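Written below as structure tokens is the structure these notes are about.
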Protein chains: 2
Amino acid sequence: MRLKDLAEHLGLSQTTVSRALNGYPEVNEATRRRVADAADQLGYRPNASALRLATGRAGAIGLVLRGADELGPHMSEFLSGVGSYMAGQEIDMLVSTVGSHQEELAAYRRLAASQKVDAVILHSPTVSDERAELLTELKIPFVLHGRTNIGQPVAWLDIDNTSALERATSHLLDLGHRRIALLNGVKGRTFAEHREIGYRAALTTRGVAVDPALLSNSAFTDEIAFRLAQAMLELKPRPTAFLAGSMMTALGVFRAIRQAGLQLGTDVSMIAHDDVFPYLNADNMYPSMSTTRSSIRQAGTRIAELITQILAGKPQADVHELWPVELVLRESSGPAPRA
Amino acid sequence: MRLKDLAEHLGLSQTTVSRALNGYPEVNEATRRRVADAADQLGYRPNASALRLATGRAGAIGLVLRGADELGPHMSEFLSGVGSYMAGQEIDMLVSTVGSHQEELAAYRRLAASQKVDAVILHSPTVSDERAELLTELKIPFVLHGRTNIGQPVAWLDIDNTSALERATSHLLDLGHRRIALLNGVKGRTFAEHREIGYRAALTTRGVAVDPALLSNSAFTDEIAFRLAQAMLELKPRPTAFLAGSMMTALGVFRAIRQAGLQLGTDVSMIAHDDVFPYLNADNMYPSMSTTRSSIRQAGTRIAELITQILAGKPQADVHELWPVELVLRESSGPAPRA
DNA sequence: AAACGCATTCAAAGCGATTTCAAATTTTGA
DNA sequence: TCAAAATTTGAAATCGCTTTGAATGCGTTT
């Protein structure tokens, strides 16, 4: 069913039908209704490629994901946040996966040259992100999930990691903890740097020295966290509290704590960062988990919204959102054990 | 940079340039090289929409994912498998997320009507899958990851769940277990039904009665599995072995076992299904996990390959692959404890 | 030398939508 | 009542590519 067919069926010109369907004012209300009904009944939908060619808009946004690293549970949640908004906007999500950093840059160049997307979402930036630079150079609009420092201003949405970690660390200090381990994200990522800054700030304010042995940088997986935590628990004196970078990390740390014959919440405390996964509820755990909480799904939805604003003309430089992070205290964080 | 610009730059017609770039035989080898070099150097890439409109091919495949259920770690792995193949084929992945079953059907209708994709991948089918019926009706080619029973023949790739569970169950029976719990997937999904069939077959062959209290159907998450396993471990007599539907499930069961003060591998055995996640290695767990193993990522890659074959003309009815599942015995499955 | 075949190249017609510009019809105002 | 204005419709151009059918040039054959 092409526009032409529909027009013939109605005894109208393509022009009028097109206008009727796209809500132009110069078409008679009766005609519009007639057209709309027919389109509806015959299940007409404009051919996407033709529409895109004619309008010059791709009607899609791009997401380039680096293999296994990024396509984990975090990205899934984020994606469905983005998707839930985009579905209502008739904007598609074009997802590419790449193996290496080089491949990723090449993928953006391809997207730009073939004009497959109107904008992209950039995820997990480094402190000075090369991809962000490339995208500004290619003049393809984007919203950054996180922050970075490049010459140009960029549109971004981030959570306040520094303050979150500062408060979480301070709270543990208040509870008497002095050996506080930080299982942080991969070195070089902005969020990980920000978290470390908050952590250090809280410690230094209290005059507690930072022990490098209690600092680690890694991907957020159960397994890796298990090993790191296990190693740290063998230190003398051992840490009495953990700051876990994600809920997956928290699961690993939890295993290590039990394995060491210790009790979470009494022998060892933990505050984990919770991106809010529907299938992994901090409140339902035993003991329930204290968290710094911020919904990554909501961030996705909001970023999708920001993208449509940018496509509607809002300057990228005006798009900045820093979301506060809740500190939710539950059973996993208790007073430090007596020395 | 449009084809026209490139052609003018070279002093050739669009026709010749297009042919040169697309490898048609009737263009002079010297010309072809000259064109290719210029295209390369100027970074020319055909406008995707124009190309699609002209060829009638969308150059994309669709994946419609149901919100939180499906966008978990399994889908992530699967997706990156698909993506790794598609990247080389210049085929995009169009990902939509939907909330309800109705929305999902509507999404397929939209994809079909607007001709945004050449084919789709269907995931986690039910025994008689409505989506598969709709897609055949809409005449949009698809490959099913799993199996279903509808009137028409469909293209599918599946793993041999029945045999996997039959062997795993038999092995546990050999070890003397008689109370074997099955933490299965959501009721109605083909793979879950197949697994139950294998499980029942093994038990009945040995004359062991199936206890409904040891059978559960649910999503594969750590948390849910934890609760189910916890409840089952309180039964008298308690199960001495668990068949876990996924590695996430296994983590939950593991927690429940420890929580009950039991030892995995001696007091209680477990064999989990392992879809092979890069960040969750069965071999690295303590104790290492016995598994029925099949890489969901490889399945994704292969399905991508099958899709391109179908798009190249291979009849859908000829595409059937049933992959065997490895049974990998490690420390988590041991002899049944003395009664 | 005319005719033929072959290898290359090109002009122009699609693909299916939007949009410009012009035409037809109806309404309005004097 | 008739010209002017407002409303409604349509023909054709356009988006950037592929592809059909025709044309060009050149060496070979008759």
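So you know, we letter chains A, B, ... as the sequences are listed, proteins then strands, and number each from 1. This structure is a prediction, so every number in the text was calculated from the model and none was measured.
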Tell me, please, which residues at least two apart from A:His101 pass ring pair (Phe, Tyr, Trp, His ring centres under 6.0 Å). none
Check against salt bridge (charged side-chain N to carboxylate O under 4.0 Å, His left out), B:Asp129 and B:Arg147: CA-CA 9 Å; B:Asp129 200 282; B:Arg147 271 172 286 176; over 6 Å; no
Measure the shortest side-chain to side-chain distance between B:His9 and B:Asp5 over non-hydrogen atoms and say whether it is less than 4.5 angstrom. no
Residues of residues 54-61 of chain B with a heavy atom under 4.0 Å from any atom of DNA chain D, listed by number, are B:Ala54, B:Thr55
Computed from five pairs at either end and rounded to 10 degrees, the angle between the axes of the helix from C:dA1-D:dT30 to C:dA30-D:dT1 is 60°
With a 4.0 Å cut-off (strictly under) to non-hydrogen atoms of chain A, the first and last hit nts on DNA chain C, 5' to 3', are C:dG16 to C:dC21
Can you tell if the side chain of B:Arg2 reaches within under 4.5 Å of the side chain of B:Leu6, non-hydrogen atoms only? no
Taken to the nearest 0.5 Å, the spacing of A:Tyr85 OH from B:Thr97 OG1 works out to 13.5 Å
Just by modelled atom types, is the A:Ile296 backbone N or O under 3.5 Å from a matching donor or acceptor in the A:Asp275 side chain? no
First locate atom CD of A:Glu90, then atom CZ of B:Arg110, and finally report the distance between them rounded to the nearest 0.5 Å. 5.5 Å
I'd like to know if B:Asp40 and B:Arg33 make a salt bridge, using a cut-off of under 4.0 Å between side-chain N and carboxylate O. no
For a quick check under 3.5 Å, do A:Ser76 and B:Ser76 share a side-chain donor-acceptor pair by atom type? yes
How would you label the contact of B:Arg19 with the nucleic acid (heavy atoms, under 4.0 Å): base, sugar-phosphate, or nothing? base
Measure the CD1-CD distance between A:Ile150 and A:Glu137 for me, rounded to the nearest 0.5 Å. 10.5 Å
Answer whether the closest heavy-atom distance between the side chains of A:Leu111 and A:Val64 falls below 4.5 Å. yes
Comparing A:Leu53 and B:Glu26 on DNA chain C - which has the more 5′ nearest nucleotide: B:Glu26
Residues that B:Phe78 engages under ring pair (Phe, Tyr, Trp, His ring centres under 6.0 Å), provided they are two or more places apart: B:His123, B:His145
5' to 3' on DNA chain D, which nucleotides open and close the contacts with chain A (atom under 4.0 Å from a heavy atom)? D:dT8 to D:dG16
Return the minimal non-hydrogen interatomic distance between B:Val276 and B:Ser295, and the atom names on each side. CG2-CA, 3.8 Å
With a non-hydrogen cut-off below 4.0 angstrom, is A:Ser49 in contact with a base, only sugar-phosphate, or nothing? nothing
